[in-house]
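Naming: A, B, ... by sequence-line order, numbering from 1 per chain.
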2 protein chains.
Amino acid sequence: MELYKIHPQHYVAVDCVIMGYQDEEIKLLLYPRSFEPYKGKWSLLGGFVQDDESADNAAARILKQTTGLEQIFLEQVASFSVPNRDPEARVISLAYYALIRIDLHDEERVKENGAYWISISKLPNLIFDHQEMFEKALIKLQQKAGYSLIGTELLPEMFTLIQLRKLYEALFQREFDPGNFRKKILSLGVLEKLELKDVSESKKGAFYYKVKNNIDEVGKDRIVKF
Amino acid sequence: MELYKIHPQHYVAVDCVIMGYQDEEIKLLLYPRSFEPYKGKWSLLGGFVQDDESADNAAARILKQTTGLEQIFLEQVASFSVPNRDPEARVISLAYYALIRIDLHDEERVKENGAYWISISKLPNLIFDHQEMFEKALIKLQQKAGYSLIGTELLPEMFTLIQLRKLYEALFQREFDPGNFRKKILSLGVLEKLELKDVSESKKGAFYYKVKNNIDEVGKDRIVKF
DNA sequence: ACAAAAGTGTTTAGATTACACCCATGA
DNA sequence: TCATGGGTGTAATCTAAACACTTTTGT
């Protein structure tokens, strides 16, 4: 301990890139900062790491405080530590990203926090380095898609392959060939076809699928390009 | 500032996974910890983030202090923040990895620090979560190989494709088909063939190559599987 | 000439893309 | 029956892996 004492300590924060999916768009949960400096400017949801929790736990705590959701997919993005990134004080921030179902979150709680869901195609300027946090989170997510079926965290338990494709199109900001997308996804072997159709979009109806129960891991060897 | 004051501050450290290449093996720079607890146990090279530097700068500083090298490829691995990971005090650590040429480093300095180069195939037990830091660093590096010519930081300016293959074999801990490896690497279009041969390994001699000068980025679209 | 390392070519299997085509059904 | 979205099939192109083959040169 003596040896450590000569070193400075720092505030350590976590900032969460909370992504949801609604109206065929990826949205971020953002709130207008309630105090100076940059009062009113848009910010990711964040908080400080306390003495008795890991940064992972802090991120999960913030996610629960702001959305009411627990047991959510959360992953580290990167650390941000330029000394003056927050002009108020030296704060080292660890960025995380989370994928949640907007339809399940606690709307009351979000309102209390003054937070809003904003489409990533219409993002306002964000404070500090929050824009960069979002960009890195999105890149991480896209890379992950190559070896794992991502994004099902953003959809209901049951979904059609058309819904899944729309989600991927929102995530990658480009279109996919319907036939090829279907084959690629099914070739991963992680989806189970249900004997139930979504007839809201067409007369024929599209079969619902769900993620198989016994999926430990999509084959690590199997890499798919999107 | 007032708003931040209610939050705790923490020691923030950086730990560096410093990789080098020698005798057809990837080696890590490690040193036996000089104080309790875990005195004598092997540790990555690390240090504390100071008030006036980013974590990236701190990692570069530590790399320079221990190897004498500057302007080195350094990348974030992940953060490690379980409250009791260091039993002595609460320390949040940001792991980095670096690739250096062992033949260029300052041997005197390494000796002063009591550090040693140890092959990754014979790693001793490391303190705290340093083993995990190394494992994550290696995975990051392997992934990076898919879209970028990595590892040339570990070799001299000029190298033969055979030398490069041996390096990749050490990095991935498996063998590559000599013919296919050659075609795959050359297809990236980032190497320039020199009119000079390495005749130390064979009578015929192997042409030296170097990385082309005007390489901004290996095509982001081109993804190669290793 | 031949051994040994360097380098090239060929074949097969699988993945990716573009796109044509068939299917089911309500209006 | 026909328009519409859902779903299947196929040919052309590209990539990866296995492995046979050719080149070069000192001894």
Take the C1' atoms of the five end pairs on each side of the helix from C:dA1-D:dT27 to C:dA27-D:dT1, get both axes, and report the angle to 10 degrees. 30°
Nearest whole Å is fine: how far is [N] [atom2] from [X] [atom1]?
| X | N | atom1 | atom2 | answer |
| --- | --- | --- | --- | --- |
| B:Asp177 | C:dA6 | CG | P | 14 Å |
| A:Ile185 | D:dT8 | CD1 | C1' | 17 Å |
| A:Arg182 | C:dC23 | CZ | P | 15 Å |
| A:Glu175 | C:dC19 | CD | P | 14 Å |
| A:Leu186 | D:dG9 | CG | C1' | 15 Å |
| B:Leu188 | D:dA16 | CG | C1' | 14 Å |

Would you give me the side-chain donor-acceptor pairs under 3.5 Å for residues 153-172 of chain A, sequence neighbours excluded?
{"unit_1": "A:Glu153", "atom_1": "OE1", "unit_2": "A:Gly151", "atom_2": "N", "d": "3.3"}
{"unit_1": "A:Glu157", "atom_1": "OE1", "unit_2": "A:Arg101", "atom_2": "NH1", "d": "3.2"}
{"unit_1": "A:Thr160", "atom_1": "OG1", "unit_2": "A:Ile162", "atom_2": "N", "d": "3.4"}
{"unit_1": "A:Thr160", "atom_1": "OG1", "unit_2": "A:Gln163", "atom_2": "N", "d": "3.1"}
{"unit_1": "A:Gln163", "atom_1": "OE1", "unit_2": "A:Thr160", "atom_2": "N", "d": "3.1"}
{"unit_1": "A:Arg165", "atom_1": "NH1", "unit_2": "A:Glu169", "atom_2": "OE2", "d": "3.3"}
{"unit_1": "A:Tyr168", "atom_1": "OH", "unit_2": "A:Ile150", "atom_2": "N", "d": "3.4"}
{"unit_1": "A:Tyr168", "atom_1": "OH", "unit_2": "A:Ile150", "atom_2": "O", "d": "3.4"}
{"unit_1": "A:Glu169", "atom_1": "OE2", "unit_2": "A:Phe176", "atom_2": "N", "d": "3.0"}

Aromatic contact, A:Phe128 with A:Tyr38 (centres under 6.0 Å): yes
Min side-chain heavy-atom separation B:Phe134-B:Leu28 under 4.5 Å: yes
Polar pair under 3.5 Å, donor/acceptor by atom type, side chain A:Lys183, base D:dG7: no
Base, sugar-phosphate alone, or nothing: which one does A:Ile162 contact when heavy atoms must sit under 4.0 Å apart? sugar-phosphate
Can you label the angle between the A:Tyr97 ring and the A:Phe73 ring as parallel, tilted or perpendicular, going by 30° and 60°? perpendicular
Lys/Arg-Asp/Glu bridge criterion (N-O < 4.0 Å) met for A:Lys212, A:Glu192: no
Counting only N and O atoms by type, is there a donor-acceptor contact under 3.5 Å from the side chain of A:His130 to the main-chain atoms of A:Ser43? no
Verify the contact: side-chain N or O of B:Lys184 to OP1 or OP2 of D:dA17, cut-off strictly under 4.0 Å; return yes or no. yes
Taking only heavy atoms on the protein side, list every residue of residues 195-208 of chain A lying under 4.0 Å from any atom of DNA chain C, sorted numerically. A:Lys203, A:Lys204
Report the residue (B:Pro178 or A:Gly179) whose heavy-atom-nearest nucleotide on DNA chain C is the more 5′ of the two. B:Pro178
Among C:dG7, C:dT17, D:dG6, find the nucleotide with the atom closest to the side chain of A:Asn180. C:dT17
Quick one: is the NZ or CZ of B:Lys27 closer than 6.0 Å to the six-membered ring centre of B:Tyr21, and within 45° of its axis? no
What closest approach, in Å, do A:Val49 and A:Val14 show between heavy atoms, and which atom pair accounts for it? CG2-CG1, 3.8 Å
5'-most by nearest nucleotide on DNA chain D - B:Phe226 or A:Lys193: A:Lys193
